[in-house]
Amino acid sequence: MLKSFRAALALSVITLSAFATSSAFAAPLKVVASFTVIADFAKNVGGDRVNITTIVGPDGDAHVYEPSPADAVAMAKADVVLVNGLHFEGFLQRLVDASATKAAIVTLTKGVTPIDFKPEFADADAAEGAGTGSGKTVTDPHAFQSIANAKIYVKNIADAFCAADSAGCDSYKANAAAYTAKLDGLEGEVKAAIQSIPQAKRVVITSHDAFGYFEHEYGLTFLAPEGISTESEPSAADVAKLVSQVKQDKAAAIFVENITNPRLIEQIAGETGIKVGGTLYSDALSGSDGPASTYVDMMRNNITQIKGAILGS
Ligand SMILES: [Zn+2]
């Protein structure tokens, strides 16, 4: 029994090495992407040479995601693991430890200029307890909401794939260049859309602060009751404070997000009299049949929703 197993193993090793010598049959690079936006970038850069497993799937919330045993298996087998970093993936260190993966963990926000986030609403109670009257400053992890930053993610992915698979490097670099040109076009579309909105109307509400980099890059103000993570529920006082601020600022539109419960936004919409303008994709893409199954479609969907709701109001 053992003998025949060994024979079978030996045979499969011979078969594998026979395949490995022919580049036409080179096994694809096993890539784990922490969430859908990164998986989409990796697909555009890697093409047929990579096989991608995504940890947090469509419409998933990476802040509060609980990894499964299957995630640990994928991590253990991976050649390259691509992550956002800046504490976006709350589960990351636990999963790396549990899987004992030997793969390179590549942080795609390397080279991005981080934005500080000072909570206006979230954790207001804790801040009052500390006697400061304001929340503590933390780094905003949602860097991918700026297309300029997306281009940095793409370059980092190409570099990581080149390091793991030098034979494919020319292909990765060519794919990255072609996709970056697409992102340049997308950036132009987003800027033109914002320009078409009157300055005084460039204020919208979402449930959590996922759009700080978008705001910084394109000049649209986002107000949100939940802070940069979805981990903590906002208090009644936070919501009341937002409602009163909304009334003063005359926010032009209010949106639910694909990753969060719409209840809070519906409550604020009810109290402020602003109609819910639609769904913004914040921290995850949609499924393949949804309106935001790629990064490019996500940005287009968001800007179309924002423009439509503001100009239609
Ligand atoms: Zn988020």
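These numbers come from a predicted model, not from an experiment. Ligands are counted one by one from 1 in listed order, and the atoms in each one are counted from 1 as well.
Every side-chain hydrogen bond (donor to acceptor under 3.5 Å, both in side chains) that Glu89 has, sequence neighbours left out, goes to Ser34. Applying the side-chain contact (heavy atoms from CB on, under 4.5 Å) test to Ala143 and every residue at least two apart in sequence or in another chain returns Thr109, Val112, Asn149, Tyr153, Tyr213.
The minimum heavy-atom distance between Ser207 and Thr260, with the atom names listed, is OG-OG1, 2.8 Å. Across all non-hydrogen atoms, the minimal contact from Met298 to Ala284 is SD-O, 4.3 Å.
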Result block: side-chain N/O donor-acceptor pairs under 3.5 angstrom for residues 261-270, not counting sequence neighbours:
{"from": "Asn261", "atom 1": "OD1", "to": "Arg263", "atom 2": "N", "distance (Å)": "2.9"}
{"from": "Gln267", "atom 1": "NE2", "to": "Glu271", "atom 2": "OE2", "distance (Å)": "3.1"}

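You'll find the side chain of Phe255 stays beyond 4.5 Å of the side chain of Asn302, heavy atoms only.
Around the Zn ion (ligand 1), protein atoms of type N, O or S found under 2.8 Å number 4.
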